Each structure stands twice: as C-alpha cells, then as structure tokens.
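What follows is a single structure, written as structure tokens, with notes after it.
The model shown is predicted, which means the values in this text are computed figures rather than measured ones.
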Amino acid sequence: DHVALAIGAGRPTVLELPHGLARGVRAASDFLMALQLTGAAKPDSIANMQVRLPVVVVGGGLTAIDTATESLAYYPLQVEKFLQRYERLARAHGEAAARIAWNEEERGIADEWLAHARAIRRERMRAVAEEREPRVLELLQSWGGVTIAYRKRLVDSPSYTLNHEEVHKALEEGIRFAEGLTPLAVEVDEDGHARALKVSVRRRGDDGKWVETAKMELPARTILIAAGTQPNTVLAREDPKTFRLDGRYFQACDESGAPVAVEQAISKPVESRVL
C-alpha cells in the first residue's frame, strides 16, 4: 500500500561567503527540520530557534518561501514564550537571579526579545479593547520583518514557476521579495553575530544579461540559506550495476529497467519515472 524511498535527500548548497558560518547564519533546510522536530513552536517545549529580526532568506525556490513564512510566524511565538518564562523566573527568584548567568551579548538579545514580546502583548490587549484583530505583522515589519533575497526576478524564480499561488499567499502574509540581489558576504558585529548581508544589486538589461548596478547591505540578524540542493547520487557509486547516472541525476527507467527520457522542470509529469 505504501512505498518509502529512502535513497538520500538532496545535499543543500553551501554558499562560499566571507563569515558564511557566523552565528545567525544557517541552512534553511536545517532551520525547517529543527523547527518541526524540536517542537519549538509548542508552549511546552523548551526548544528555542534563536531567531532575530530582521530575517533574510537567500534563494528563490519553494524552500525559501516556506522558510520565510515559517520564520515570520514563529518569531512572535518565540518571544512571547520567552517573556512568559522570564516573568515566571523573575517572580520566583527575582529579576537579578533570572539574568545572572547571561553575558553582555546575551543580555542584549534577551532585552530585544523582551521588548518585542511586551510590544506584541500591548498590541493584543489594545486589539481586544478596540474589538479588532491585533496588528502584529505591522510590528514585525517595523523590526525588519522577513525578506527573500533572490538573484533574478520573481517571475524567474522556481517558486513562481512551480507554484505561484504559494508565492502569492506568502506575499499576503507580509513577506518581502527583493529581486536582483546576489550575496557577497555576511557582515558581523563586534560579537561575531550576523548583522547584515552584503549583496550585489543587478539589473536585467534588454539583451537578457544581468549587470551590476550597485552594492548594498541588507540588515539581517538571521540569514537562512535556501540556495537549492545538489543531487545526492551516492547510491550510484555504491551500486553502479543497479543505479546508473544520466549527467548529474539518476538515469530514469521504466518498469522493465529500460532507460527512458523524463519531462524536465515539471512537477506533475504525464508519467512518473521514479528512478
């Protein structure tokens, strides 16, 4: 009734950027898996993804869209849960005891989260008093929000060509999509934490070529890399008689094992060619 193919997920693309491994920078796939597996968004979980605003997601695929929407939805849950636990600790042991183990950088991050959580709490209380929906998104965007940085145009992105409805919904939720931005470096603060993403701003000419017009910095305390995956074809090296390659991918075959051509760049082909 069910067939599970455990033949290896794609390998995330790692961008060779200066300070590319700084704190605050992580692979989008790692962020999404950790968010789900740790239950960080659940009130009873002690897991904390340590997301800070502004967030910049690098990439233009559906993983980038998913990462952007998840991080925007998770941030208020994170800071509100942090505030609730901080207040319980302070009531039980005093505020000084609650902060005693933190270094200067950690105190700064904690105060940032506490201030944001209290602002969200005040907005929720005002919304109840005024009988309206709370304007949490406006607060998140005033703190930097979440931006997707893509090297080409939105209409060129895999997310748009594969599922433009999902892109539309992400924009409705308040995600920003910045076009023509190629990452150059991660800029860090005095503590070695990401503070900005330096990018090359490019414009597509009438001839279809992309030309750099400027360089700029996108403020970013969290940088999530969703720059695609490379095919994981290690199985072909382990069992070359059974699994053959067609360029960078597994050779598709029919039920009898004969090689077949596949339909390229389509999510729902007429005939599914698993291997």
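Using a 4.5 Å cut-off on side-chain heavy atoms (C-beta onward), I175 and L72 make contact. Side-chain contact between I46 and R85 is present, with at least one heavy-atom pair separated by less than 4.5 Å. For the pair E217 and E187, the minimum side-chain heavy-atom distance is below 4.5 Å. Side-chain contact between V56 and L224 is absent, with no heavy-atom pair separated by less than 4.5 Å. The shortest distance between side-chain heavy atoms of V51 and T222 falls below 4.5 Å. Contact check for R121 versus L83: side-chain heavy atoms found under the 4.5 Å cut-off.
The neighbour count for Y160 OH, taken as heavy atoms of other residues, nucleotides or ligands under 6.0 Å away, does not exceed 12. Within 6.0 Å of CG in D206 there are 12 or fewer heavy atoms belonging to other residues, nucleotides or ligands.
Using modelled atom types, no side-chain atom of D191 and backbone atom of H193 make a donor-acceptor pair closer than 3.5 Å. Judged by distance alone, the side chain of N163 and the main-chain N or O of E166 form a donor-acceptor pair under 3.5 Å. Using modelled atom types, no side-chain atom of S157 and backbone atom of G61 make a donor-acceptor pair closer than 3.5 Å. In this structure, E133 contributes its side chain and A127 its backbone to no donor-acceptor pair below 3.5 Å. Panel note: side chain S45, backbone K42; no donor-acceptor pair is recorded below 3.5 Å. Looking at T161, its side chain never comes within 3.5 Å of a backbone N or O of V155 through a donor-acceptor pair.
When hydrophobic clusters are built by joining Ile, Leu, Val, Met, Phe, Trp and Tyr residues whose side-chain heavy atoms come closer than 4.5 Å, directly or via intermediates, L35 is not grouped with M33. A single hydrophobic cluster is not seen to contain both V58 and Y150; linkage of ILVMFWY side chains at heavy-atom distances under 4.5 Å, directly or through other members, places them apart. Under the 4.5 Å side-chain heavy-atom criterion for grouping Ile, Leu, Val, Met, Phe, Trp and Tyr, L154 is not connected to L62 through any hydrophobic cluster. If you chain together hydrophobic residues whose side chains sit under 4.5 Å apart, I148 and L17 never meet in one group. Hydrophobic clustering keeps L32 apart from V14 (ILVMFWY residues linked when any side-chain heavy atoms are closer than 4.5 Å, directly or through intermediates).
Of the inter-residue distances, the one linking D66 atom CG with S29 atom OG reads 11.5 Å to the nearest 0.5 angstrom. L140 CG to I120 CD1: the interatomic distance, rounded to the nearest 0.5 Å, is 5.5 Å. Here T63 contributes atom OG1 and I225 contributes atom CD1; the two are 13.0 Å apart, rounded to the nearest 0.5 Å. To the nearest 0.5 angstrom, L197 atom CG is 6.0 Å from L218 atom CG. Taken from CE in M216 to CG in L184, the straight-line distance is 11.5 Å, to the nearest 0.5 Å. For the atom pair CD1 of I109 and CZ of R221, the computed distance is 7.5 Å after rounding to the nearest 0.5 Å.
A salt bridge between E190 and R195 is absent, with no side-chain N of the basic residue lying under 4.0 Å from a carboxylate O of the acidic one. With respect to the salt-bridge test (charged N to carboxylate O, under 4.0 angstrom), the residues R132 and E123 qualify. A salt bridge does not link D239 to R244: none of the charged nitrogens lies less than 4.0 Å from a carboxylate oxygen. By the 4.0 Å N-to-carboxylate-O rule, E112 lies close enough to R52 to be salt-bridged with it. The residues E179 and R203 are annotated as not salt-bridged, no charged nitrogen and carboxylate oxygen being separated by less than 4.0 angstrom. A salt bridge is absent between R126 and E131; no separation between the charged side-chain nitrogens and carboxylate oxygens falls under 4.0 Å. Note on K81 versus D44: no salt bridge recorded, every NZ/NE/NH1/NH2 to OD/OE distance being 4.0 Å or above. For the pair R107 and E104, the salt-bridge criterion is not met [side-chain N within less than 4.0 Å of a carboxylate O].
Ring planes of F82 and W113: perpendicular class, angle over 60° (limits at 30 and 60°). In this pair, Y74 and F31 present their aromatic rings perpendicular. The plane angle is above 60°, beyond the 30 to 60° band.
When every heavy atom of L137 is checked against every heavy atom of G174, the shortest pair comes out as CD2-CA, 3.9 Å. Across every non-hydrogen atom of F250 and N232, the tightest pair is CE1-O, 3.9 Å. Across all non-hydrogen atoms, the minimal contact from Q251 to P259 is NE2-CB, 3.6 Å. Considering all non-hydrogen atoms of both residues, P219 and P54 come closest at O-CB, 3.5 Å. Between A170 and I65, the shortest heavy-atom distance links the atoms CB-CG2, 3.7 Å. Nearest heavy atom pair, residue G20 against residue V186, reads CA-CG2, 4.3 Å.
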Before you tell me yes or no, could you show the steps for L181 and R151 under side chain to side chain contact (heavy atoms under 4.5 Å, CB included), namely the whole-Å CA-CA distance, both residues' side-chain angles and the distance that decides it to 0.1 Å? CA-CA 5 Å; L181 302 180; R151 60 190 176 87; over 6 Å; no
Decide yes or no on side chain to side chain contact (heavy atoms under 4.5 Å, CB included) for Y75 and H116, but give the supporting numbers first. CA-CA 10 Å; Y75 185 79; H116 289 177; 2.6 Å; yes
I would like to know whether T147 and V57 meet side chain to side chain contact (heavy atoms under 4.5 Å, CB included); could you show each step before the answer? CA-CA 6 Å; T147 301; V57 180; over 6 Å; no
I'd like to know whether R26 forms a side chain to side chain contact (heavy atoms under 4.5 Å, CB included) with I223, so could you lay out the CA-CA distance, the side-chain angles of the two residues, the decisive distance to 0.1 Å, and finally the verdict. CA-CA 7 Å; R26 69 191 301 173; I223 300 172; over 6 Å; no
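No donor-acceptor contact under 3.5 angstrom links the side chains of R176 and Q141, judged on distance only. For R99 and Y86, the side-chain atoms include at least one donor-acceptor pair closer than 3.5 Å. Between the side chains of T69 and E173, no donor-acceptor pair of N or O atoms lies under 3.5 Å.
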